[in-house]
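To start, the structure itself, in structure tokens.
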Amino acid sequence: MLRRKARRVQGSGEAAGGPLDDPLDAAQERRVRAVLALGGVPQADLPDGVQQVRLRLLERAASGAEAPRDVSAWAAVVASNLAVDWHRARRRQERIGERLASLRPAEHTADVSGEDTKVLSLAVARGLDELPDAQRQILVLRFYADLPVRGIAEELGIPEGTVKSRLHTAVRALRTRLHEDEVV
């Protein structure tokens with residue numbers, strides 16, 4: 001039955017004029033939610049996780065790949081992987097916060113409050129918006145995506161020296177901006 005449903009999804013759609021069928025039934029959706037919740041994903045992010053599982057199943061069907069033998073098991077594995085990805089993203093954000101905090105002078109680190117962190121985050125976002133696209137891209141790849149210089153160079157197809165130069169210039173410009181705003 002699930003294979004027929006996946007084939008219907010594959011054969012229907014905008015070209016056929018009909019709406020796409022939901023590839024997950026209610027029981028499968030509950031299982032995906034449970035796997036995500038047990039994986040540590042917060043309640044507020046569960047609907048997004050379920051949608052990601054649906055999207056991956058629809059993409060699989062649209063690409064012509066054979067439907068999984070057991071959609072429920074396949075969806076649970078995808079949900080588990082999404083939970084791992086969620087934790088990785090959270091750790092990456094924590095590392096970014098630590099790096100930003102390390103830019104502050106040592107005497108200010110003892111009295112960092114939640115409000116200070118919000119102000120710093122807003123100032124960094126504003127500073128990033130003002131950077132040229134090439135510099136902003138390098139900063140995001142280095143500090144938000146946590147890619148090494150070599151990885152950035154390979155991804156962008158530019159020499160490592162160019163990456164280092166743009167990174168240095170961007171960090172200096174952002175630091176100057178933060179000092180001008182008296183954030184750090």
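Worth knowing before you read on, the calculation uses all heavy atoms, side chains too, and leaves out hydrogens, waters and symmetry mates. In this chain, residues are counted from 1 in sequence order.
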Table please: side-chain donor-acceptor pairs of residues 163-170 below 3.5 Å, with sequence neighbours left out.
| unit_1 | atom_1 | unit_2 | atom_2 | d |
| --- | --- | --- | --- | --- |
| Thr169 | OG1 | Ser165 | O | 2.9 |

Not counting sequence neighbours, list each pair that qualifies as a salt bridge (charged side-chain N to carboxylate O under 4.0 Å, His left out) and has a residue in [range].
range	value
residues 75-88	Asp85-Arg88
residues 131-145	Asp133-Arg136, Arg142-Asp146
residues 149-158	Arg150-Glu160

- Task: Please identify each residue that fulfils side chain to side chain contact (heavy atoms under 4.5 Å, CB included) with Gln51, with sequence neighbours left out.
- Result: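 So Gln51 forms a side chain to side chain contact (heavy atoms under 4.5 Å, CB included) with Arg54.
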
Sorted by chain and number, sequence neighbours left out, side-chain hydrogen bond (donor to acceptor under 3.5 Å, both in side chains) with His87 holds for Arg90

Heavy-atom pair with the smallest gap, counting every atom of [X] and [Y]:
X	Y	value
Trp74	Val53	CZ3-O, 4.2 Å
Ala153	Pro159	CB-C, 4.1 Å
Leu178	Ala123	CD2-CB, 3.6 Å
Leu174	Leu128	CD1-N, 4.1 Å

*asked:* If I take atom CD1 from residue Ile152 and atom CG from residue Leu139, how far apart are they, to the nearest 0.5 angstrom?
replied: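 The CD1 atom of Ile152 sits 9.0 Å away from the CG atom of Leu139.
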
CD1 of Ile158 to CD of Gln137, rounded to nearest 0.5 Å, is 7.5 Å

Those residues that, when tested against Arg92, pass salt bridge (Lys or Arg N to Asp or Glu O under 4.0 Å) (two or more places apart) =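 In terms of salt bridge (Lys or Arg N to Asp or Glu O under 4.0 Å), with neighbours along the sequence ignored, Arg92 is linked to no residue.
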
I want to check something: taking the side chain as every heavy atom from C-beta on, are Arg60 and Pro68 in contact at a cut-off of under 4.5 Å?
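They are in side-chain contact.
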
Taking side chain as C-beta onward, heavy atoms only, is Ile96 less than 4.5 Å from Val124?
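Contact flag for Ile96/Val124 side chains = no.
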
Item to complete: Could you tell me whether the side chain of Ser80 and the main chain of Ala76 form a donor-acceptor pair under 3.5 Å?
Response: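 No; judged by distance alone, with no hydrogens or angles, the pair does not exist.
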
Which donor-acceptor pairs under 3.5 Å do the side chains of residues 30-48 make with protein atoms, sequence neighbours left out?
| unit_1 | atom_1 | unit_2 | atom_2 | d |
| --- | --- | --- | --- | --- |
| Arg31 | NH1 | Ser72 | OG | 2.8 |
| Asp45 | OD2 | Trp86 | NE1 | 3.0 |

